[in-house]
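Just so it is clear, the model here is predicted, and its values are computed rather than measured. Basis for what follows: all heavy atoms, side chains included, without hydrogens, waters or symmetry-related copies.
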Amino acid sequence: MDTKTQLAKLGLFDAKVPRYTSYPTAPHFSSATTDGEFTQWVQAIPAGQSISLYLHVPFCRRLCWFCACRTQGTQSDEPVRAYLETLQTEVRALGRILPEGVTLSRLHWGGGTPTLLGAGMMRDLAGTVAEIAPFARDYEFSVEIDPNEIDEARLDALRDAGMNRASIGVQDFDDEIQKVIGRIQSFDTTRDAVEMIRARGIHSLNADILYGLPHQSKARITESVQKLLSMSPDRVALYGYAHVPWMAKRQQMLPSDALPTPEERLELFETARRLFTWDGYTEIGIDHFAVKGDGLDVALRTGKLRRNFQGYTDDPAEVLIGLGASSISRFPQGYAQNASGTSAYTAAVREGRFATARGHSFTGEDLLRARIIEMLMCTFAIDGEELITTGLTTGAALSKLLRDASTTFPGMVEVSGHSLKILPHANALTRIIARHFDAYDLSKAGHSSAI
């Protein structure tokens, strides 16, 4: 039996599995977690500790048809200004309960399109954040930048606020594919945005590109990757397009009959992966790439690579607080998610409370299984000695878990003592193997293809 047949037999081409940016995954969150827990967890942060802060701007000037994020279109600044006022109110409310001396290890503005904020709005928001906590010494302030929605004034505002990493979405440079997915963004527009960013001394650049889009072929993704490489991004996220029109209605605009087959998706991924590695990028986990010496590359080599809602990270902070509609926070005690709709979010904040609508408090083996899954997603291996030393499990209990995995995935994993390693030819199965350690109802586990 050849490798591809083995991978297919284990579900690579038909399994629906989570991306595992959290454990348990968001479908398992419940309304049992409220703003009371959120407040308690914030107040439990040790004084002087560094945390991460995520701010969500859910607006876009245009809605891309491929996108499954919770966003809303607007051609007017009025709803944006109203939302920004609410977000600043929430930031200040957080500041009132943050323990003394807390600093920001990471600050990220995401969306939506945070760069649709005008330069003045950007300065106001950055100033409000600065009121509640200063940056840590080795901070990172990153912003998701739409090359179609940026200019000199806004980049000046972001630079002055301390932005030192920019993230741009590319998706694909092919003209036909851009029209089909509703995302018109030329190579020239993208290159000009990158040049403006770097002209301001911001040299750390992330880029996202998708595989699995309608009409994509190996030739087309090769051309798009090569164009992206000409801009020399420091990090690249090579995400698989998740076609979920029953959840994201706008995806019904895409021609499903033009989507690549699961086998073709694997070929597209491998084509792009080879191009990045041939160009000297280090593979980071299942779908990221970084230049040598980048923070992700260093974190991988030193065993400090982590995974959160933004993907792979070298962020050392134990607490990530998400503000804005639908944002998710992670604490040592559990997860808390704000109301997803902007109206419900706004109502909560204007009533003088935090907008937590759902979440999850860690119980039982949550922390053990979360760390096992994170290890697999980051390094394709389980370091049993760490799990035992930190008190998350015993050697006997871990041995049973690893034996079960070895039996379920014969020839795909290698168990030695209290450790497990996914063999290189089985890396594509990582999310499926991670799901094996997921103790929650798998019918809620996820909706995206394993490849």
Exercise: do Y345 and E90 side chains pair donor with acceptor under 3.5 Å
yes

Could you check, using the six-membered ring where one of them is a Trp, whether F289 and F276 have ring centers closer than 6.0 angstrom?
yes

Less than 3.5 Å apart, any donor N or O on the side chain of K16 or S449 sitting next to an acceptor on the other?
no

If you measure only the distance, is there a donor-acceptor pair under 3.5 Å linking the side chains of T389 and E386?
no

Side chain proximity check, T113 to F59, heavy atoms < 4.5 angstrom:
no

Under 3.5 Å side-chain donor-acceptor pair for E283 and N427:
no

So among R301, K304, R235, which one has a salt bridge (Lys or Arg N to Asp or Glu O under 4.0 Å) with D314?
R235

Could you check if a side-chain atom of T261 sits within less than 4.5 angstrom of a side-chain atom of F13, using non-hydrogen atoms only?
no

Only distances under 3.5 Å count here; give the side-chain donor-acceptor pairs of residues 322-334 to other protein atoms, sequence neighbours excluded, each with its distance to 0.1 Å.
from	atom 1	to	atom 2	distance (Å)
S327	OG	L323	O	2.8
S327	OG	G324	O	3.4
S329	OG	G322	N	2.8

Would you check if the side chain of D174 reaches a backbone N or O of I177 as a donor-acceptor pair within less than 3.5 Å?
yes

Any luck finding a side-chain donor-acceptor pair between D208 and Q171 under 3.5 Å?
no

Is there a donor in the side chain of T25 and an acceptor in the side chain of S22, or the other way round, less than 3.5 Å apart?
no

Assert yes or no for the condition that the ring centre distance of Y54 to F309 is strictly below 6.0 Å.
no

Enumerate the residue pairs fulfilling ring pair (Phe, Tyr, Trp, His ring centres under 6.0 Å) with a member in residues 409-430, sequence neighbours excluded, ordered by first and then second residue.
F409-H436

For residues S50 and T103, is any side-chain donor paired with an opposing acceptor at under 3.5 Å?
yes

Main chain of H215, side chain of R220: is a donor-acceptor contact present, judged purely on distance under 3.5 Å?
yes

Check: Y312 side chain, M377 main-chain N or O, donor-acceptor pair, under 3.5 Å
yes

Can the ring centres of Y23 and Y440 be said to be less than 6.0 Å apart?
yes

Scan I422, L10, T408 and name whichever one has a side chain to side chain contact (heavy atoms under 4.5 Å, CB included) with I433.
I422

Pair Y281-D297, side-chain donor/acceptor within less than 3.5 Å:
no

With a 6.0 Å cut-off on the ring centroids, do Y335 and H360 count as close?
no

Here's a test for you: under side chain to side chain contact (heavy atoms under 4.5 Å, CB included), which of R265, R273, E270, E267 qualifies with Y211?
R265

How about Q337 and R358: does a side-chain donor come under 3.5 Å of a side-chain acceptor?
yes

Side chains of N308 and T313: do they bring a donor and an acceptor to under 3.5 Å?
no

